[in-house]
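This is the structure I have questions about; it appears just below.
Here is the naming used below: chain letters follow the sequence lines, and residue numbers restart at 1 for every chain. Excluded from the calculations below are hydrogen atoms, water molecules and symmetry mates; all remaining heavy atoms, backbone and side chain alike, are included.
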There are 2 protein chains.
Amino acid sequence: MNLPPLTQSFVLHFGEMGSHWGINRTVGQIYALLYVSPKPLNADDIVEAIGCSRSNTSMALKELQAWRLVKLQHLPGDRREYFSTPDDVWAIFKTLAEERQKREVEPTLTMLRGAILERPSSEEERHAQARMKEMYQLIELVTKWFADIRDMDVETLQRLMKLGAQVQKVLQFTQSLGRLTGRDGGKEE
Amino acid sequence: MNLPPLTQSFVLHFGEMGSHWGINRTVGQIYALLYVSPKPLNADDIVEAIGCSRSNTSMALKELQAWRLVKLQHLPGDRREYFSTPDDVWAIFKTLAEERQKREVEPTLTMLRGAILERPSSEEERHAQARMKEMYQLIELVTKWFADIRDMDVETLQRLMKLGAQVQKVLQFTQSLGRLTGRDGGKEE
DNA sequence: TCAAACTTTCAGAAATTACTGAAAATTGGA
DNA sequence: TCCAATTTTCAGTAATTTCTGAAAGTTTGA
């Protein structure tokens, strides 16, 4: 690996972090490299920069594409494929959230939904099912909320985040308003 | 493994999911088992239920304790250690968020902070550094917001989540109120 | 202090995952 | 169509992670 020092430590860190994130070292490193690169890179540029094999690069790029974290483009007069990450960090963040939702949360929700519909065959099963239902409801609520948030435009989202915990006060305020006019702040179950 | 069918599929699912989550199969299975169990279990109960070795169970429990996802307790008149998960699913969720923050986000923030303070040695480094700064700011904002949310009481949190995207309208409303009184809804950078 | 009950450690085996190089497949232009 | 450039696949190897059983360690009560 032969990279300027800042880039190198960034790339290496993402390589290490990969394992906490369910992606392998090479995938993490390549993503980091593309993220900081001022221009799109082709597979050989990546091999040169990271120092892994050509085939490994190919696999890693395929995985990054499956995660929708890299864009593929062609440069005029060059047959090779060039890769880059989206410029907008918020867009990247949203993509990541969507993909993790799809890969990690959906399957669990499906399993839980199935389990909850079954007929418990004992007192123990009944308890287990009740616990699963609690988990299901929490995940579903958080998931829906995330989806709502994801779909906000970036300005609103930033405003909301900067507001932070103060949103509580706003909520309390609108609740009292709601009581006055006979309506409440949110939908009920 | 000899468990009632619902429990078994739940336990197996968590085992599989573990790998996406950076924990190993046994750890996932044991957590799932404890989560649905109506009473605390000791290490031998777990070995019996899951069908792994005693030592593996010991390691896995240690890891779950490091994640603060299981409670250790003693039953009167029994020397063995009994394990259970907290009852409150929201508390579990918060613990998980805190631990992941500490393990996955903090180290990245530290690395980014360091890189941003360095003097770039070329135009390419300057660009890389600017990208890292974008990432840093996004992560920091999201992190702070998460912390704010984590510290809300469950009722407020649930109300906020159920409100979902409608919070936008509330925000817009308070913003116009703010303009009238000469203040704005959130803190600025 | 000793013994029984229980837990942890650890070296090596087993399983899984990542990586490579060679070969096959695909693509675009002559 | 054919050739050269490029990408992908895949079988085998390397590296890493997980798991086990045996042994060592700890704790409690007699």
Side-chain angles (χ1 to χ4, degrees), chain A residues 1 11-34 40-67 70-84 103-104, chain B residues 1 11-34 40-67 70-84 103-104:
Chain A
M1 191 180 301
V11 166
L12 289 177
H13 179 89
F14 267 66
E16 303 305 316
M17 269 340 211
S19 43
H20 289 281
W21 258 87
I23 58 171
N24 71 40
R25 188 152 39 93
T26 311
V27 172
Q29 290 182 345
I30 291 181
Y31 180 79
L33 178 68
L34 292 174
L41 301 178
N42 65 44
D44 289 319
D45 295 336
I46 295 170
V47 166
E48 160 90 18
I50 305 271
C52 57
S53 74
R54 184 60 187 75
S55 51
N56 196 6
T57 302
S58 177
M59 297 291 219
L61 285 169
K62 217 167 126 191
E63 180 157 0
L64 285 170
Q65 283 176 284
W67 276 91
V70 299
K71 291 183 298 186
L72 167 62
Q73 59 198 292
H74 285 276
L75 260 51
D78 191 334
R79 269 179 58 185
R80 286 171 297 181
E81 299 183 316
Y82 282 79
F83 297 89
S84 60
R103 291 160 196 243
E104 296 168 21
Chain B
M1 191 181 301
V11 166
L12 290 177
H13 179 90
F14 266 66
E16 303 304 317
M17 268 341 210
S19 42
H20 290 282
W21 258 89
I23 58 171
N24 71 40
R25 188 154 39 93
T26 311
V27 172
Q29 290 181 346
I30 291 180
Y31 180 77
L33 178 68
L34 292 174
L41 302 178
N42 65 43
D44 289 320
D45 295 336
I46 294 170
V47 167
E48 160 89 18
I50 305 271
C52 57
S53 75
R54 183 62 184 74
S55 51
N56 196 5
T57 302
S58 175
M59 296 291 218
L61 285 169
K62 218 169 129 190
E63 181 159 358
L64 284 170
Q65 283 176 284
W67 277 90
V70 298
K71 291 184 298 186
L72 167 62
Q73 58 197 292
H74 285 275
L75 259 52
D78 191 334
R79 268 179 57 185
R80 286 171 297 180
E81 300 183 315
Y82 283 78
F83 298 89
S84 59
R103 289 160 198 244
E104 295 168 22

Fill in: Pairs where residues 52-67 of chain A contributes a residue and the test side-chain hydrogen bond (donor to acceptor under 3.5 Å, both in side chains) is met, not counting sequence neighbours
A/Thr26-A/Asn56, A/Ser53-A/Ser55
Response to the item:
Rounded to the nearest 0.5 Å, the CH2 atom of A/Trp21 sits from the CD1 atom of A/Ile23 at a distance of 8.0 Å
Worksheet entry | side-chain contact (heavy atoms from CB on, under 4.5 Å) between B/Leu34 and B/Ile46, worked out | CA-CA 9 Å; B/Leu34 292 174; B/Ile46 294 170; 4.3 Å; yes
Discussion item. Ignoring hydrogens, what is the shortest heavy-atom contact between B/Asp78 and B/His74? Give both atom names and the distance.
Written reply: O-ND1, 4.4 Å
Item to complete: Using atom CD of B/Glu63 as one end and atom P of D/dT17 as the other, report the distance to the nearest whole Å.
Response: 12 Å
Discussion item. What residues from residues 22-31 of chain A pass a heavy-atom cutoff of under 4.0 Å to DNA chain C?
Written reply: A/Asn24, A/Arg25, A/Thr26
Item to complete: Using atom CD of A/Glu81 as one end and atom C1' of D/dT8 as the other, report the distance to the nearest whole Å.
Response: 10 Å
Fill in: Pairwise distance CD1(A/Ile30) to CG(A/Leu64) - rounded to 0.5 angstrom
6.5 Å
Discussion item. Angle between the end axes of the helix from C/dT1-D/dA30 to C/dA30-D/dT1, five pairs per end, to the nearest 10 degrees?
Written reply: 20°
Discussion item. If you compare every side-chain N and O of A/Lys62 against the phosphate oxygens of D/dT7 (OP1, OP2), does one of them come in below 4.0 Å?
Written reply: no
Discussion item. Can you give me the first and the last nucleotide of DNA chain C (5' to 3') that has an atom within less than 4.0 angstrom of a non-hydrogen atom in chain A?
Written reply: C/dA18 to C/dG28
Response to the item:
Of A/His74 and A/Asn56, the one whose closest nucleotide on DNA chain C sits nearer the 5' end is A/Asn56
Worksheet entry | side chain to side chain contact (heavy atoms under 4.5 Å, CB included) against A/Ser84, all qualifying residues, sequence neighbours excluded | A/Pro40, A/Lys71, A/Gln73
Discussion item. According to side chain to side chain contact (heavy atoms under 4.5 Å, CB included), who are the partners of B/Asp45, at least two apart in sequence or on a separate chain?
Written reply: B/Leu41, B/Asn42, B/Tyr82
Response to the item:
Note: A/Cys52 and A/Val47 closest approach over all heavy atoms is O-CG1, 3.3 Å
Fill in: Residue-level proximity of residues 12-21 of chain B to DNA chain D when a heavy atom falls under 4.0 Å
none
Discussion item. Return whichever of B/Met59 or A/Ser58 has its heavy-atom-nearest nucleotide of DNA chain D closer to the 5' end.
Written reply: A/Ser58
Worksheet, complete the sentence: Of all heavy-atom pairs linking A/Val11 and A/Ala32, the shortest is CA-CB, 3.8 Å
Worksheet entry | Any residue meeting side-chain hydrogen bond (donor to acceptor under 3.5 Å, both in side chains) with A/Arg79, in chain and number order, not counting sequence neighbours | none
Fill in: Under the ring-ring contact (aromatic ring centres under 6.0 Å, His included) test, residues paired with B/Phe14 that sit two or more places apart
B/Phe10
Worksheet item: When the nearest nucleotide of DNA chain D is assigned to B/Thr57 and to A/Leu61 on a heavy-atom basis, which residue is associated with the more 5' position?
Response: A/Leu61
Discussion item. Are more than 12 heavy atoms, taken from residues, nucleotides or ligands other than B/Glu104, located less than 6.0 Å from that residue's CD atom?
Written reply: yes
Discussion item. Assess the residue pair A/Met1 and A/Leu12 against the criterion (side-chain contact (heavy atoms from CB on, under 4.5 Å)); give the C-alpha distance rounded to whole Å, side-chain angles, the decisive distance to 0.1 Å, and a yes or no.
Written reply: CA-CA 10 Å; A/Met1 191 180 301; A/Leu12 289 177; 3.7 Å; yes
Item to complete: Kindly write out the residues that satisfy side chain to side chain contact (heavy atoms under 4.5 Å, CB included) with A/Met17, not counting sequence neighbours, or none if the list is empty.
Response: A/His13, A/His20, B/Pro107, B/Thr108
Worksheet item: Near DNA chain D, which residues from residues 44-54 of chain B have a heavy atom under 4.0 Å away?
Response: B/Cys52, B/Ser53
Report, one pair per line, the protein and nucleotides 23-30 of chain D atoms (nitrogen or oxygen only) whose separation is under 3.5 Å.
unit_1, atom_1, unit_2, atom_2, d
D/dT27, O2, B/Arg79, NH2, 2.6

